[in-house]
Amino acid sequence: MHFLQKERATLERFIPTLDSQLQAKSLLDLERQESPALQIFRELGGPGLLIPKEYGGSGVTALELTQIQRAIATRSPSLAVAANMHHCTVAALLESIADESVAEFIRAIADNNLYLASGFAEGKTGTSILLPTMKCQRVDGGLLVSGSKKPCSLSLSMHFLTASAIVPSKEDGDLLALVIIPADSPGIERKSFWKTWVLKAAESEEIILNDVFVPEEFVYYLGQPEDLGNILAKAFIWVELFLSASYLGTASALVERVIAERKGSPGERASLAIEVEGAMAALEAVAHSIMYFGNSDHQVAQSLFVRYSVQRAIERVTETSTELLGGIAFIRSEEIAYLLAASRALAFHPPSRLSMAPFLDEYLAGGSLVMP
């Protein structure tokens, strides 16, 4: 079958045997809380995918990782979502900091296949998604950091938690900093948060920090708080791109079943493929834009336009695919219901389409792009 051939070939080139190992297990086994997917991914070197070769990683491009995320999600949506948050945290480190100590840290991630969880901003009603969620105070030798992140993917498997924080400074005013916190640091608490059965294996629970000490060597200053938008915008595009590819992959798993089982008419099957392949082409265009034109308001806006377009395409193809697979298949296979539910979760990732609509409208009329 040629459907998904390109994406799975890219996955096989960079992580040989991952696809076959995941395919050998049932979807629901890979999606349960005790899933082996994250361990398999780590053993095969997945955490180093985005890290440049000179630092010991695979050095994949944005385009290649977009294809890899789609391929992984057809086998395990939870693994794709969890891996996405790790990759985007790595991207933030690579984009934001030119520091030898960070280079050593990045190399250690690749050499030891370590997972990074993200304690950066989250979507909360009435607050900016860019505001740091962590509070900190200076003490001898470093910072005491407090706060929580919920949901936080990789909460159980993470080796380090990274977070943005505002550091008080008498001399320079408040400073924006990136803090890197070992997962076994005293004062870190994990609390159950994710109640739904969908995407349970992504380990998206709550991480609570209670006066966690962070040595000064693990605090990296990024500038003034007002610089946060520019810094996070660089990683923000990657989040939108790879999340969209992941959920498109989940929807593609349903389309693949329709094609393999020859459900519906040739016209109906082709229409489904047209939808998902057109959405993937748009994501690949965003990836090319990152690779060749950098990060600007235009690239951020384009990533959002494409993300919401993919979101709507997913709605259409999953509805049609489940209808073509039929009611008996839906009743007899939990996997169909699972893929339907999991693929639609893209709509819940901030920023929502409705919250961004006024800002995108203002941007289209010639204004600056503002994040809510």
Hydrophobic cluster identity match, [X] and [Y], side-chain contacts under 4.5 Å:
| X | Y | result |
| --- | --- | --- |
| Ile208 | Val179 | no |
| Leu156 | Leu154 | no |
| Phe193 | Leu38 | no |
| Val60 | Met85 | no |
| Leu369 | Leu364 | yes |

Over 60° means perpendicular and under 30° means parallel, so classify the ring planes of Tyr115 and Phe41, tilted if in between.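 It falls in the parallel class, under 30°.
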Fit a plane to each ring of Phe242 and Trp238, take the angle between them on a 0 to 90° scale, and name the class: parallel (under 30°), tilted (30 to 60°) or perpendicular (over 60°).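 Aromatic pair Phe242/Trp238 classed perpendicular.
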Given Leu243 and Arg307, is the side-chain contact (heavy atoms from CB on, under 4.5 Å) satisfied, shown in steps? CA-CA 9 Å; Leu243 271 179; Arg307 175 255 168 105; over 6 Å; no
Val139: hydrophobic cluster co-members (side-chain, 4.5 Å): Leu144, Phe213
Is the side chain of [X] donor-acceptor paired with the backbone N or O of [Y] at a distance under 3.5 Å, no angle test?
| X | Y | result |
| --- | --- | --- |
| Tyr338 | Leu199 | yes |
| Lys149 | Pro151 | yes |
| Lys200 | Trp194 | yes |
| Ser271 | Gly267 | yes |
| Arg190 | Glu205 | no |
| Thr74 | Ala253 | no |
| Ser333 | Phe330 | no |
| Ser146 | Asp211 | yes |
| Arg269 | Gly264 | yes |
| Ser76 | Ile72 | no |

First locate atom [atom1] of [X], then atom [atom2] of [Y], and finally report the distance between them rounded to the nearest 0.5 Å.
| X | Y | atom1 | atom2 | answer |
| --- | --- | --- | --- | --- |
| Glu206 | Lys191 | CD | NZ | 5.5 Å |
| Ile314 | Leu340 | CD1 | CG | 11.5 Å |
| Thr250 | Glu31 | OG1 | CD | 8.0 Å |
| Leu22 | Leu30 | CG | CG | 5.5 Å |
| Ile180 | Phe105 | CD1 | CZ | 4.0 Å |
| Tyr308 | Arg353 | OH | CZ | 9.0 Å |

Would you name the heavy atoms of [X] and [Y] that are closest together and state the gap between them?
| X | Y | result |
| --- | --- | --- |
| Leu27 | Arg75 | CD1-O, 3.3 Å |
| Ala117 | Ser153 | CB-O, 3.6 Å |
| Ala73 | Ser246 | CB-O, 2.9 Å |
| Ser35 | Ala201 | CB-CB, 3.6 Å |
| Ile290 | Ile237 | CD1-CG2, 3.4 Å |

Any side-chain heavy atom of [X] within less than 4.5 Å of one from [Y]?
| X | Y | result |
| --- | --- | --- |
| Glu284 | Lys6 | yes |
| Leu65 | Leu241 | no |
| Val81 | Tyr247 | yes |
| Trp197 | Gln33 | no |

Ion pair check, Arg312 and Glu315, cut-off under 4.0 Å: yes
Electrostatic pair Arg70:Glu277 at N-O distance under 4.0 angstrom: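 The answer is yes: the pair qualifies as a salt bridge.
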Taking atom types as modelled and ignoring hydrogens, do the side chains of [X] and [Y] form a donor-acceptor contact shorter than 3.5 angstrom?
| X | Y | result |
| --- | --- | --- |
| Gln311 | Ser244 | no |
| Ser157 | Arg42 | no |
| Thr10 | Glu64 | no |

Run the side-chain contact (heavy atoms from CB on, under 4.5 Å) test on Leu209 and Leu161 for me, step by step, so that the C-alpha distance in whole Å, both residues' side-chain angles and the decisive distance to 0.1 Å come before the verdict. CA-CA 10 Å; Leu209 278 65; Leu161 175 69; 3.6 Å; yes
Taking atom [atom1] of [X] as the centre, report whether more than 12 heavy atoms of other residues, nucleotides or ligands fall under 6.0 Å from it.
| X | atom1 | answer |
| --- | --- | --- |
| Glu334 | CD | no |
| Lys135 | NZ | no |
| Glu217 | CD | yes |
| Glu261 | CD | yes |

Residue from [options] passing side chain to side chain contact (heavy atoms under 4.5 Å, CB included) with [X]:
| X | options | answer |
| --- | --- | --- |
| Pro47 | Leu116, Asn113, Asn112 | Asn113 |
| Phe160 | Ile109, Ile181, Leu114 | Leu114 |
| Ile259 | Lys263, Arg262, Arg257 | Arg262 |
| Leu254 | Thr322, Leu324, Leu272, Thr320 | Thr322 |

Please walk me through it: do Leu63 and Gln67 pass side-chain contact (heavy atoms from CB on, under 4.5 Å)? CA-CA 7 Å; Leu63 176 62; Gln67 295 169 355; 3.9 Å; yes
side-chain hydrogen bond (donor to acceptor under 3.5 Å, both in side chains) with Gln137: which residues, sequence neighbours excluded? none
Full working for side-chain contact (heavy atoms from CB on, under 4.5 Å) between Leu28 and Glu335: CA-CA 7 Å; Leu28 296 182; Glu335 292 187 356; 4.1 Å; yes
